[in-house]
Amino acid sequence: YASSGDGVNFTECASFRMDTLNYDAQDFFADNPDSQGAFSTLTWDWKTRKVWKKGRMNLADTGLYSFDPAANAWSTEFAGEVLNQGDCTSAIDPVRHILVSASDNVLHAWDLDSPTTDSVALTTSGTPPGDSAIGFVFDPVSGCFLAWNGGASVFKLTPPLSNLNWRTATWVWSTLTNAAGGATPTAPATEGGTFGRFNYISALRALVVVNDNEESAYVYKLPRVAV
């Protein structure tokens, strides 16, 4: 899914159809409970087959909303929490079923099985990718989140071993080093950040980043996971 608007309000959202290779615009933001879309994020959830929206991060309300494409309807899951977290990127861990947002080395997580409570500020160790507007995705094979903020390195965020203590245990940042001779992607976009320009290809278990439509696309093949 991709959104469009005037920088403050989302006016429509378009889904990309793989059968026609075209965008199918749906004006489903008309009844969006959070009318102002600035600094919001949209994340697709394979478990519920809904789009989750984390709203207006550094404005008055950091509400959590869901959109059901089949019913063409929004739901307000939780409203009222205020977080000063702008230019944030979100990804969903389908095993723990949590939405994690990253911005300026700060992580917040929402329990999507019980989304009617405040987010949890996650405790981390290691060196984070830094800055905001980073690329941030989930790798279902390793069970880790992956981030990119320019350069040749990819950052890995490893959740706690137990799925039950993700709220209180420490999450660990580490770095995946580019193999010798590997290419270095061009710098992140100076305007608008990386966001969805960095993404995960499940069929190849690889990462792709495209910073501009007039620049090269870069692919990073992830290392094998020990069984």
Side-chain angles (χ1 to χ4, degrees), residues 1-5 10 12-16 18 23-24 26 28-29 32-34 36-59 61-79 81 83 85-104 106-122 129 132-149 155 157 159 166 171 192-202 207-209:
Y1 284 87
S3 61
S4 65
F10 281 132
E12 66 176 14
C13 187
S15 59
F16 188 81
M18 299 303 294
Y23 280 101
D24 180 18
Q26 299 182 47
F28 59 55
F29 278 99
N32 178 5
D34 175 33
Q36 295 196 24
F39 309 111
S40 298
T41 64
L42 293 177
T43 311
W44 173 253
D45 180 10
W46 286 103
K47 182 175 180 178
T48 61
R49 304 194 70 81
K50 294 180 179 180
V51 178
W52 289 86
K53 180 187 177 191
K54 180 176 175 292
R56 296 193 292 176
M57 279 158 267
N58 58 355
L59 299 177
D61 177 17
T62 314
L64 190 64
Y65 309 91
S66 66
F67 176 76
D68 184 349
N72 194 31
W74 280 98
S75 297
T76 300
E77 303 290 350
F78 179 68
E81 182 180 13
L83 291 176
Q85 191 183 28
D87 288 336
C88 141
T89 316
S90 299
I92 290 177
D93 175 346
V95 177
R96 296 167 182 81
H97 204 216
I98 57 176
L99 183 148
V100 178
S101 68
S103 176
D104 291 325
V106 177
L107 299 174
H108 285 266
W110 284 260
D111 183 350
L112 298 184
D113 288 330
S114 180
T116 56
T117 57
D118 284 351
S119 65
V120 176
L122 301 179
S132 57
I134 63 173
F136 189 66
V137 298
F138 183 77
D139 171 24
V141 177
S142 67
C144 300
F145 291 86
L146 302 169
W148 180 79
N149 192 32
F155 294 83
L157 177 65
W166 60 266
W171 296 55
T194 300
F195 296 113
R197 297 181 180 92
F198 172 85
N199 225 312
Y200 180 83
I201 308 173
S202 58
L207 303 169
V208 60
V209 60

Review point. Salt bridge (Lys or Arg N to Asp or Glu O under 4.0 Å): which pairs involve residues 133-146, sequence neighbours left out?
Key: Asp139-Arg205

Exercise for review: Measure the spacing between CZ of Phe78 and OG1 of Thr117 and express it to the nearest 0.5 Å.
Suggested key: 6.5 Å

Check your understanding: At what distance, to the nearest 0.5 angstrom, does CH2 of Trp166 lie from CG of Asp111?
Key -> 5.0 Å

Review point. Can you list the residues that meet the side chain to side chain contact (heavy atoms under 4.5 Å, CB included) rule with Pro159, with sequence neighbours excluded?
Key: Arg96, Cys144, Trp171

Check your understanding: How close do Leu64 and Pro115 get, heavy atom to heavy atom, and via which atoms?
Key -> CD2-CB, 3.9 Å

Study note, to complete from the structure: In short, Asp68 meets Arg49 closest at the heavy-atom pair OD1-O, 4.5 Å

Exercise for review: Mind telling me whether His108 and Trp110 have parallel, tilted or perpendicular rings, with 30° and 60° as the class edges?
Suggested key: tilted

Check your understanding: Hey, what do you get for CG (Leu112) to NZ (Lys50), rounding to the nearest 0.5 Å?
Key -> 10.0 Å

Revision key, fill the gap. Residues at least two apart in sequence or cross-chain that pass ring pair (Phe, Tyr, Trp, His ring centres under 6.0 Å) with Phe138, listed by chain then number, are Phe145

Point to revise | Check: Thr89 side chain, Ile134 main-chain N or O, donor-acceptor pair, under 3.5 Å | key: yes

Check your understanding: Between CZ of Phe155 and CH2 of Trp148, what distance do you get to the nearest 0.5 Å?
Key -> 11.0 Å

Revision key, fill the gap. Scanning both residues in full, the closest heavy-atom pair of Ser66 with Glu77 reads OG-OE2, 2.6 Å

Point to revise | Minimum heavy-atom distance between Phe136 and Ala147, given as atom pair plus value | key: CD1-CB, 4.0 Å

**Study point:** Pairwise distance CG(Leu122) to CD1(Ile98) - rounded to 0.5 angstrom
**Key:** 6.5 Å

**Study point:** Trp52 side chain reached by Leu42 side chain, heavy atoms, under 4.5 Å
**Key:** no

Check your understanding: About how many Å separate CH2 of Trp44 and CD1 of Ile92, when rounded to the nearest 0.5 Å?
Key -> 9.5 Å

